[in-house]
Structure formats: C-alpha cells, structure tokens
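A short write-up of the structure that comes next.
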There are 2 protein chains.
Amino acid sequence: MKRKPSTEATAAWIRLMRVQSRVLNAVEQDLKKAGFPPLAWYDALLELSRAPAGELRPVELEKQMLLPQYSTSRLIDRLVDEGLAVRRECKIDKRGQFVEITEAGRELQRKMWSAYSAGIEKHVGSKLSDADAVKLCGLLDRLGCSCGEAASLAVKDGAAVR
Amino acid sequence: MKRKPSTEATAAWIRLMRVQSRVLNAVEQDLKKAGFPPLAWYDALLELSRAPAGELRPVELEKQMLLPQYSTSRLIDRLVDEGLAVRRECKIDKRGQFVEITEAGRELQRKMWSAYSAGIEKHVGSKLSDADAVKLCGLLDRLGCSCGEAASLAVKDGAAVR
DNA sequence: CATGGTTAAATGCAAATGCATGAAGTAGTC
DNA sequence: GACTACTTCATGCATTTGCATTTAACCATG
C-alpha cells in the first residue's frame with residue numbers, strides 16, 4: 001500500500017509540476033502585460049456567461065472552478081466591485097444567492113479571450129501537433145482523480161481552467 | 001502572429017491546468033495530513049542536500065526551483081528559523097552567502113520523501129503504466145519553454161519540483 | 001581609484017490566501 | 001413545531017505572496 005513510485009512516474013510528476021508552472025506563468029504574464037486581470041477572473045466570467053441565464057450559485061461556480069469556498073466568495077466580491085457581475089437574491093433558497101454576469105462582464109470575457117487564446121497558441125499550440133495535443137489530453141485525463149465531471153468541459157470558445 | 005489555438009491545443013491546456021492543480025493539491029494535502037511542511041521546503045532541502053557541500057547560493061536555489069527572488073529569500077528564512085539550514089558567509093563574493101543544509105534538514109528531507117513518494121505513487125504512478133509515464137514526459141518536455149536546464153534534473157531519489 | 005552599470009539579497013507595504021468560525025437557512029425526524 | 005444535522009455564504013485573523021525599492025558589493029572603463 002506504500003510502494004515507491006517508478007522513476008518514470010516520478011519523472012512524469014516532476015514534468016507535470018514544472019511545465020504547468022512555467023506555461024501558466026507565461027500565459028498569465030502575457031495577459032497581465034496586456035492590462036488584463038488574472039486568469040481566474042476569466043474562468044469565472046466564462047462559467048457565468050455559459051450558464052443558462054448568465055447566472056450561477058456560488059456553490060456551482062466553486063465546483064466548476066475547483067476553488068475553495070472562501071476563495072470563490074472573494075472572487076465574486078471582486079467581480080462585483082468591478083461591475084462585472086451582480087449578486088441577486090435567490091428566492092428558492094434564502095441562504096443562497098445568484099451571481100449574474102453583467103454586459104461589462106461579458107465584454108471583458110470576450111476581450112480577454114483574444115489575448116488568452118493567443119497565449120495558449122503561443123505557449124502550447126505552437127509546440128505541439130494536434131495529434132500530440134490529443135495524446136497529451138488522453139494521458140492527463142487518466143490522472144484525473146475521483147472527479148467524473150472534468151471531461152464534461154466542452155471547449156466551446158474558451159477554456160475554463162485552473 | 002496571433003492565430004487562434006486549435007481546440008486540441010486548448011483542450012490540452014485545460015487538462016494541463018486542471019490535472020496539475022488536482023494532483024498537486026492531493027499530494028500536498030497528504031503531506032500536510034502527515035504533519036509535514038509544504039512541498040517547496042522539500043524541494044529546497046533536496047536541492048541543498050544534492051549540492052556539492054550541502055550548500056548553495058540563494059541565486060542558484062532560485063534558478064533550480066523556478067521561484068522569484070524574494071520568494072527564495074523568504075523560504076530560506078523559514079528553513080533557517082526551523083534549524084533546517086544555516087546561512088554561511090560567502091568569502092568570494094561579499095554580497096552573497098551560502099545556505100547550508102543541517103543534519104536536521106537532511107533528516108527531514110528523508111522523512112518527507114517517504115511520504116512524498118507514497119503520494120506520487122498514489123496519485124500518479126498507480127494511474128499510469130511506465131510506458132505511458134514516459135510518453136507523458138516526452139509530450140510535456142516539448143512544452144518546456146526557453147529553459148534548457150529542465151531536462152537536467154536527474155531523478156536520483158526524489159523529485160525536485162514546482 | 002572614481003564612477004556608472006550590474007548583480008545579490010532583504011524588506012516595507014498592499015493584496016491574496018488559508019483556516020477556522022459564525023450567521024442564516026434548510027431539511028429530516030420525532 | 002422543536003431539535004439536530006447539514007448546507008450556503010461571509011469574514012476576522014494570521015500567513016504568504018507579489019511588487020517595488022533599498023542596501024551592499026562587484027565589475028568594467030577611463
């Protein structure tokens with residue numbers, strides 16, 4: 001129950017950590033240099049914009065984004081502060097609320113996507129053939145822990161990430 | 001120069017971000033539950049323990065670990081506070097210093113490795129054949145940005161990560 | 001050996017994170 | 001309906017990060 005990992009597995013782990021960190025950094029830096037907010041904002045805006053009425057319960061957002069609860073709560077604060085989303089009362093469950101994306105939010109999401117997608121292309125797309133990208137996905141998916149929903153993320157016109 | 005990424009590339013990016021985050025979290029949690037400090041400490045201790053006389057210049061550590069300068073500086077503070085390393089004067093360059101691992105540091109590194117390796121096995125090794133791990137490495141290495149030194153990380157008896 | 005440019009490392013301050021807890025509501029059970 | 005257990009969300013507080021700046025030392029050049 002406590003066997004050691006093979007050196008191959010260890011090497012894969014190392015690569016996974018280092019490469020992700022590097023690529024993420026690169027993309028985030030590009031985005032920041034272009035004057036945009038952090039990626040997490042984009043992810044949240046995308047999730048909201050995709051949701052049925054442009055609104056979601058914080059709990060749902062939290063699950064989609066794999067963020068801790070308090071983190072989601074504060075992210076929403078910031079979006080609201082910037083006028084990118086609004087909090088709405090939730091009639092059916094008075095504990096809760098809905099977070100609805102605003103027009104400004106949708107616009108920022110679109111603008112960010114053009115910078116973001118350029119980053120993905122630059123730091124991922126251009127280094128991998130489509131076939132290899134597919135292989136990479138396949139291998140990574142096998143590491144997807146107990147979390148059936150990961151594969152459900154259709155890539156429509158943007159990534160939902162982190 | 002600003003072409004859009006293929007959906008394959010985008011999907012790979014998403015997987016890379018999500019899977020890494022999940023796996024890292026899982027391993028870090030296991031480690032924390034076992035009462036150990038964060039992974040970054042392990043990485044630093046490992047680098048130090050491998051270095052010629054068990055000592056490195058902060059700059060070098062910084063490069064190995066892909067951390068910002070101030071972050072390394074503070075990490076060293078913490079290691080020193082806990083008696084896991086000591087700062088030594090650097091005769092040849094009075095600006096600088098050496099950081100030397102202590103016996104306590106080496107011991108912690110070894111102890112952490114047994115928990116850490118169990119985590120790698122549990123969250124990576126057990127989900128991938130050795131052959132697939134090798135394939136994964138190969139694909140990830142192609143994303144390794146302008147940074148020739150990444151591949152130089154021999155996997156001796158532990159991962160150096162992040 | 002003065003002097004302007006560069007590198008090593010630390011640090012003050014603001015913002016972000018993690019953790020634990022609290023307040024308010026829902027839901028099942030008796 | 002009263003009680004207990006659980007869910008949703010916010011928040012105070014300590015720690016950690018990120019950023020910009022500072023201090024000190026090196027180094028090349030004239």
Side-chain angles (χ1 to χ4, degrees), chain A residues 21-22 24-33 35-44 47-48 51 55-82 85-100 162, chain B residues 21-22 24-33 35-44 47-48 51 55-82 85-100 162:
Chain A
S21 145
R22 240 183 261 228
L24 174 59
N25 255 316
V27 171
E28 284 252 41
Q29 283 312 324
D30 286 1
L31 222 48
K32 168 171 290 187
K33 267 178 226 149
F36 288 114
L39 260 181
W41 291 35
Y42 175 83
D43 294 339
E47 291 301 333
L48 291 176
E55 62 181 16
L56 279 177
R57 300 281 299 266
V59 212
E60 325 213 47
L61 196 52
E62 176 191 328
K63 276 167 200 148
Q64 291 292 333
M65 309 217 337
L66 305 179
L67 285 180
Q69 181 270 320
Y70 59 82
S71 193
T72 311
S73 176
R74 281 164 176 156
L75 175 54
I76 294 171
D77 283 348
R78 286 164 214 155
L79 296 180
V80 169
D81 283 350
E82 299 293 327
V86 289
R87 292 182 202 269
R88 296 215 167 291
E89 186 195 11
C90 175
K91 315 265 182 192
I92 51 176
D93 182 347
K94 288 301 190 67
R95 288 170 300 189
Q97 61 188 246
F98 279 105
V99 180
E100 188 186 348
R162 221 98 134 91
Chain B
S21 146
R22 239 182 263 228
L24 174 58
N25 255 315
V27 172
E28 284 253 39
Q29 282 314 323
D30 285 1
L31 223 46
K32 168 172 290 188
K33 267 179 226 149
F36 288 113
L39 260 181
W41 290 35
Y42 176 83
D43 294 339
E47 291 302 334
L48 291 175
E55 62 182 15
L56 279 177
R57 302 280 298 266
V59 214
E60 325 213 48
L61 195 53
E62 176 190 330
K63 276 167 201 146
Q64 291 291 333
M65 309 219 331
L66 305 179
L67 284 179
Q69 181 269 321
Y70 58 81
S71 193
T72 311
S73 177
R74 281 164 176 157
L75 176 54
I76 294 171
D77 283 348
R78 286 165 211 154
L79 296 180
V80 169
D81 283 350
E82 300 293 327
V86 289
R87 292 181 204 269
R88 297 218 165 291
E89 185 194 10
C90 175
K91 314 266 181 190
I92 53 177
D93 183 348
K94 288 303 191 66
R95 289 170 298 190
Q97 63 188 242
F98 279 105
V99 180
E100 187 187 347
R162 223 97 132 105

Atom-to-atom span, CG of A/L79 to P of C/dA16 - whole angstrom: 12 Å
side-chain contact (heavy atoms from CB on, under 4.5 Å) partners for A/R87, two or more places apart: A/I76, A/D77, A/V80, A/Q97
Donor-acceptor contact below 3.5 Å, side chain A/E28 vs main chain A/P38: no
Qualifying residues under salt bridge (charged side-chain N to carboxylate O under 4.0 Å, His left out), relative to B/E100, sequence neighbours excluded: B/R88
Whole-Å gap separating P (C/dA10) and CG (B/D81): 12 Å
Whole-Å gap separating P (D/dC19) and CD (A/Q29): 6 Å
Please tabulate, one pair per line, each protein N/O and nucleotide N/O from nucleotides 9-11 of chain D that are separated by under 3.5 Å, including the distance.
{"from": "D/dC9", "atom 1": "OP1", "to": "A/R57", "atom 2": "NE", "distance (Å)": "3.3"}
{"from": "D/dC9", "atom 1": "OP1", "to": "A/Q97", "atom 2": "N", "distance (Å)": "3.3"}
{"from": "D/dC9", "atom 1": "OP2", "to": "A/V59", "atom 2": "N", "distance (Å)": "2.8"}
{"from": "D/dC9", "atom 1": "O3'", "to": "A/Q97", "atom 2": "NE2", "distance (Å)": "3.0"}
{"from": "D/dA10", "atom 1": "OP1", "to": "A/R87", "atom 2": "NH1", "distance (Å)": "2.7"}
{"from": "D/dA10", "atom 1": "OP1", "to": "A/Q97", "atom 2": "NE2", "distance (Å)": "3.2"}
{"from": "D/dA10", "atom 1": "OP2", "to": "A/S73", "atom 2": "OG", "distance (Å)": "2.7"}
{"from": "D/dA10", "atom 1": "N7", "to": "A/Q69", "atom 2": "NE2", "distance (Å)": "3.0"}
{"from": "D/dA10", "atom 1": "N6", "to": "A/Q69", "atom 2": "OE1", "distance (Å)": "3.0"}

Separation of C/dA10 P from B/K94 NZ (nearest whole Å): 16 Å
Pairing residues for B/K91 by the salt bridge (charged side-chain N to carboxylate O under 4.0 Å, His left out) criterion, not counting sequence neighbours: B/E89
Nearest-Å distance for atom pair CG/P, residues A/L75 and C/dG18: 13 Å
Residue whose nearest DNA chain C nucleotide is more 5′ - A/W41 or A/I92: A/W41
Non-neighbouring partners of B/S71 that pass side-chain contact (heavy atoms from CB on, under 4.5 Å), sequence neighbours left out: B/L67, B/P68
By salt bridge (charged side-chain N to carboxylate O under 4.0 Å, His left out) - contacts of B/D93 (at least two apart): B/R57, B/R95
Residues which pass salt bridge (charged side-chain N to carboxylate O under 4.0 Å, His left out) with B/R74, listed by chain and number, not counting sequence neighbours: none
Separation of atom CG in B/L56 from atom C1' in C/dA8, rounded to whole Å: 15 Å
Protein-nucleotide distance (B/E89, atom CD; C/dA10, atom P), rounded to Å: 14 Å
A/K32 side chain near D/dC19 phosphate (N/O to OP1/OP2, under 4.0 Å): yes
Interatomic distance where CG belongs to A/L39 and C1' belongs to C/dA16 [whole Å]: 16 Å
Closest approach of B/L75 to B/M65 (non-hydrogen atoms, all atoms of both residues): CD2-CE, 3.6 Å
Between the protein and nucleotides 1-4 of chain D, list the N/O to N/O atom pairs that are separated by less than 3.5 angstrom.
none

Minimum heavy-atom distance between A/L79 and A/A44, given as atom pair plus value: CD1-CB, 3.9 Å
